[in-house]
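A, B, ... follow the sequence lines: proteins, then strands. Residue 1 opens every chain.
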Amino acid sequence: MSAPQIGVSTRRVGGRERVTGRQRFVGDVRLDNLLHVRLVTLDCARARIVAIDTTDAERVAGVRAVLTAADLPDPMPRFGPVYADRPVLAVGETRFHGEPVAAVAAETEEAAEEAAALVRVTVEELPAVLTVERALDPDAPLVQDPCLRKGPLAQTNTLREWHFGWGDVDAASAPCVVENTYTFPMVTHFAIEPHVFLASADHDGVTVWSAIQHPYLLQSTIATLLGLPIAKVRVIAPDPGGAFGGKQHAKFEPLVAFLALRTGRPCRLALTLAQTFQAVRRTAYRVRMRTGFAADGTIRFQDVVTDGLLGAYADIGVRVISKSTYLMCGPYRVPDARVHVRALLSHTPPATAFRGFGTPQVAWAVESQMDEAARRLGIDRLAIRLRNLAHRGEEVVRGDKPADGDWHEAVHKAAEAIGWGNPLPPGRGRGIGVAIKSSATTGASYAIVRLHMDGSATVMAGTSDMGQGARTVLAQIAANELGLTTDAVQVVMGDTGVAPFDLQTSASRSTVFMGTAVAEACRDVKRQLAGMATRAFGADDVGVGNGTVAVEGRTLSFPDLLVAGFAGVRGEVIGVGSRRGEADTAHPLGGAPSFYEFNCTAVEVEVDRETGELLIVKHVSVADVGKALNPAHVEAQDEGAAIMGLGHTLMEHLIFDEHGRIVNLGALDYRIPTTKDLPLELHSLLVENEDGPGPYGAKGAGEGGLFAVSPAVAAAVTEATGAVIRELPLTAERVWRALRTEG
Amino acid sequence: MRPFSYARPASLGETFDLLDSAGPGEIRPLVGGTDLIVGLQSGRIRPDVVVDLKHLADLPAGIEQVDGRLRISAPTSLTDIIGDARIRTWFPALAEAASTVGSVQIRNRASLTGNICNASPAFDTGPALLVHDAVVLLSSRDGDRRVPVADFVLGPRRTDLRAGEIATAVELPVPETPLRASFARLTRRRGVDLATLSLCCVVGPRRTRFAFGAVAPRPFVVDDDSGVLADPSSSPEDRDEVLRAMTAQASPITDVRGGADYRQAMLLVLGRRALAAARSRPVQSQPDGAR
Ligand SMILES: Cc1cc2nc3c(=O)[nH]c(=O)nc-3n(C[C@H](O)[C@H](O)[C@H](O)COP(=O)(O)OP(=O)(O)OC[C@H]3O[C@@H](n4cnc5c(N)ncnc54)[C@H](O)[C@@H]3O)c2cc1C
């Protein structure tokens, strides 16, 4: 029996390979006889496709197929995680800049490129819907064909709407009412690894390679589109090189699969960074918020209208909007709430999940309102939060899961670390923000644990390790349960043909869901070992511990028992475990959150009043993680999230021109933070009360660091300068403009 | 990317042969490739031949002093330029400007001639080259000519480079009296960014010269001959008035990097700061270890 493997910072499995360039990414997969695919796209967001002439393209030497909508089944096959609305290729009309109207498969990349440029598309550009305001305009063109949609909203650009709330806001009154509009722009994920898709078809089905977060959903999507049994579709998902929500759902895998079927050859499509900007992006929000406060800062009511701007297809963005706005009141006790939410379609790239799943957008508004109320009422900004923040057991949504952590502890920790209340040098300000995210609601994870003759173990789990460290933490859990060192555990993932079903790698759910499934599979192994000991030794008094078995006073190691139990024939013990979150159809989200991810972020910011430039002097992020199974990994995730949060706070946004084209398309003019843009000091602190639903009391982690960065930084700017800004990002130029109107 | 062929001549003579055999626009010199590759990939530049200037026996990388001038040969990397003690002493603003280009990796590849010949309105060494009166040495089969950088760069992506010619060096006159110079730059983030604007300031005994980048089709120079900016006893108000008149000559545009009004306003802010930095700079006339 070895030392505990939990709560220790074991080295990352695969970490060395990742940083030395030895990891085999999907882009490194080489198949024989491969064809290269290039997309044919238009120079605007929305255009009617009048005609496509492929004659010249087909003449290019090495071209094997030029696929247009006419070559695909009629009606056009469509897919999507919530609505099957995304066509394999644009048909009739394009709906966002970068949406392909045709695709070329050729023997070489060069031939594919040349041919793609020779596909002649006759189009008529049409006006595009690019903003919340335009999407709500009754005179605006419809983004989606109303025939494909159901219900009264089909004649509008509102895909869905929700009404959340409790109490009676109309009857509520408050001496201080703060009413503002906040906007949060479209942002791209900017994973270092671009999307790469391969597909190969043979008599026995189709294999698809994609660095995808949800291989099993992709598997069923492809099966449905191609009319194949799930068993005949295999998805191989090499560990992604960063995903952040941008690699959750199918994009061009269906197209590449159709090309593979048509050509009878394996096909490969690799997107450029610019194309990944056009593939999916973060959901943009406009929040109009009216908040009532008592004179002492107690929240009386929240009255909110939130519009989330989706792209042309719903992807999972529609769920981002509903799930995040379900917690539109933040981690606070609110007696009366009314939240009207709309998910709007636009002629922009499909909006999808993005680390935080809408929480940063929500927190931007909620927390900025708290700051404004504090300033108006002359209350300390820390005090107003503590006054309203739910204590453990108090509801944040009437009738739903109450606060499941000691959030006050986290806030106190952050305040102390940032030096809240200490005198500030001139030109500086501080800000503090809190937020909660509802974690995974429903969903299932299955795991298989195979205990080998020598006592080492193989874990088979369908989780994707995209850099968050799933391989490591699952190995730690199995090692701990089986009394091994983490090195003696092999985690097999990323292949639907090998690992059992896992719904998805998202919502910070893997440690809780898959971790529990792995722990349970280990317990199944141990139950079988107990039976084996009983049979082998004819003993009734058997106790299986972590790594050892006690048989009538004797202690055996697992290998000793296996040798005795299996004798010369050998074998292995196969344990199965699962964790299911069942659907609750009465719940607005289809199920209650399994835990809340809570974060408190505090910053100290220096403002250059003349240029508007911000310097983050100090940044503290406190995460309530229940139990850090691997503290170094949790902190690294939290730091990464904090820096990513600084990206959308300080510099990131997709800018569109009037044709719906992204102006800052690529690394040159789309800015993400570099190492030189990091805070001078960055601290990640953890709250560990072992009060989570996961193994050893763990909760999910890794998204929280993003949640409250924007409002904290904006409030710091206000403290330093007086300027209040309600749009992101807080670029130097925007701060400068705000300071000028400030006087 | 359109297919092209790659040539690696071994001498200037071979280079000129290649240049003479190609039509206008069909051939492109390559040094670091940090601009050229981007242009090739986007399809903005579509040559038939790319000719690599890094392997010419008679044009090795290096910096030498000739007749009161410092000559930086075309293949010299920005890293080597920044590390040169003579550059740091005599042309501190150039060293400062060059050290802001891209990142360490970019500067290890990128050349000064490439920065000039690419002729971006925002090229970072532009203002420094202008205040230091830099000259481009242009060579062809027919011989050499020298053109001041200020005249060589005509506008966005346009230079005075003629068919059959390449830039073989940049020359900087070694100042007789030591210069007090400084460089300032505004970017959207601290690491690896193109300039929203950049400027250089040189304070002489009487004349103060500014050069501005990214606020006009090409970098340009403005002089203060009134002596107000150089005068240690002038008032901030008087200096501001002069600076305002100087920065008013800029014609910035609005693009993704910044609004025209912001650029215009920042010119004054950074101008003040650069002036203060240059004025407070101790003057050193001889590079450490150089004669
Ligand atoms: C990530 C990144 C960051 C960057 N950041 C900056 C920055 O901060 N500031 C900045 O100013 N620039 C920046 N650049 C642009 C570029 O690095 C510089 O302009 C660099 O100095 C170009 O030098 P090079 O040797 O790489 O030129 P190349 O790419 O080799 O050539 C550039 C152009 O000049 C022509 N050319 C080159 N040499 C000659 C010659 N001897 N005679 C005639 N024509 C010639 C080429 O044909 C080409 O058109 C950046 C580029 C990248 C990729």
Side-chain angles (χ1 to χ4, degrees), chain A residues 38 43 60-61 108-114 116-118 272-274 608-616 643 646-647 649-657 661-680 729-740, chain B residues 1-5 34-35 37-44 46 99-100 102-106 118 120 122 184-199 214 236 240 243 252-274 276:
Chain A
R38 283 287 190 284
D43 204 26
V60 173
T108 62
E109 307 236 14
E110 292 74 17
E113 171 127 9
E114 193 187 338
L118 290 173
T272 62
L273 179 70
D608 184 328
R609 286 196 73 111
E610 287 186 313
T611 62
E613 289 172 298
L614 306 184
L615 176 68
I616 313 298
I643 295 163
L646 284 173
T649 298
L650 300 176
M651 56 187 87
E652 294 187 45
H653 58 150
L654 293 169
I655 305 167
F656 289 80
D657 70 8
R661 295 178 297 206
I662 299 173
V663 181
N664 50 351
L665 188 60
L668 194 59
D669 280 314
Y670 185 91
R671 314 279 60 190
I672 59 169
T674 67
T675 45
K676 285 191 179 174
D677 298 287
L678 300 190
L680 300 185
L730 305 172
T731 59
E733 183 170 346
R734 181 165 278 153
V735 173
W736 174 80
R737 287 189 194 286
L739 284 169
R740 284 216 314 177
Chain B
M1 193 180 339
R2 185 166 160 273
F4 57 86
S5 65
T34 59
D35 275 317
I37 304 293
V38 177
L40 291 171
Q41 236 169 5
S42 72
R44 188 176 55 75
R46 306 166 68 83
S99 60
T100 65
S103 57
V104 173
Q105 294 90 328
I106 292 289
N118 186 56
S120 151
R185 180 181 194 240
L186 187 73
T187 51
R188 292 159 299 172
R189 68 177 179 195
R190 292 186 168 77
V192 202
D193 203 356
L194 300 179
T196 305
L197 67 87
S198 62
L199 54 84
D240 254 19
L243 269 175
I253 57 161
T254 293
D255 64 13
V256 297
R257 269 168 243 159
D261 57 339
Y262 181 57
R263 282 188 157 112
Q264 188 70 55
M266 289 309 102
L267 218 42
L268 184 62
V269 170
L270 267 64
R272 275 190 211 121
R273 292 180 185 182

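For B/D261, the parts lying near chain A are the backbone and the side chain together; criterion is any non-hydrogen pair under 4.5 Å. For A/D657, no part sits under 4.5 Å from any heavy atom of chain B, backbone or side chain. For a residue to count as touching a neighbouring chain, one of its non-hydrogen atoms must lie under 4.5 Å from one of that chain's; by this rule B/R263 does not touch chain A. No part of B/S42 comes within reach of chain A, as not one of its non-hydrogen atoms sits under 4.5 angstrom from that chain. For a residue to count as touching a neighbouring chain, one of its non-hydrogen atoms must lie under 4.5 Å from one of that chain's; by this rule B/L268 does not touch chain A. For A/L615, the parts sitting under 4.5 Å from any heavy atom of chain B are the backbone and the side chain alike. Heavy atoms of A/E613 lying under 4.5 Å from chain B belong exclusively to its side chain. Contact of B/R2 with chain A is not made at all, since no heavy-atom distance falls under 4.5 Å. Heavy-atom distances place no part of A/L646 under 4.5 Å from chain B, backbone and side chain included. Neither the backbone nor the side chain of A/T731 comes within contact range of chain B, judged by heavy atoms closer than 4.5 Å.
Across every non-hydrogen atom of B/R257 and B/A195, the tightest pair is CD-O, 3.9 Å. When all heavy atoms are compared, the tightest approach of A/I662 to A/F656 is CG1-CE2, 3.6 Å. Here the shortest heavy-atom pairing between B/L186 and B/L270 reads N-CD2, 3.7 Å.
The greatest number of non-hydrogen atom pairs below 4.5 Å with chain A, out of B/M266, B/R188, B/R272, is found for B/R188. Ranked by heavy-atom pairs under 4.5 Å with chain B, the first of A/L650, A/T675, A/I672 is A/I672.
Judged by distance alone, the side chain of B/R189 and the main-chain N or O of A/T674 form no donor-acceptor pair under 3.5 Å. Checking side-chain atoms of B/Y262 against main-chain N and O of A/T611 turns up a donor-acceptor pair under 3.5 Å.
For the atom pair NE2 of A/H653 and OH of A/Y670, the computed distance is 8.5 Å after rounding to the nearest 0.5 Å.
A/E113 pairs by the side chain to side chain contact (heavy atoms under 4.5 Å, CB included) definition with A/R38, not counting sequence neighbours. Every residue two or more places apart in sequence or in another chain that forms a side chain to side chain contact (heavy atoms under 4.5 Å, CB included) with B/D35 is listed here: B/N118.
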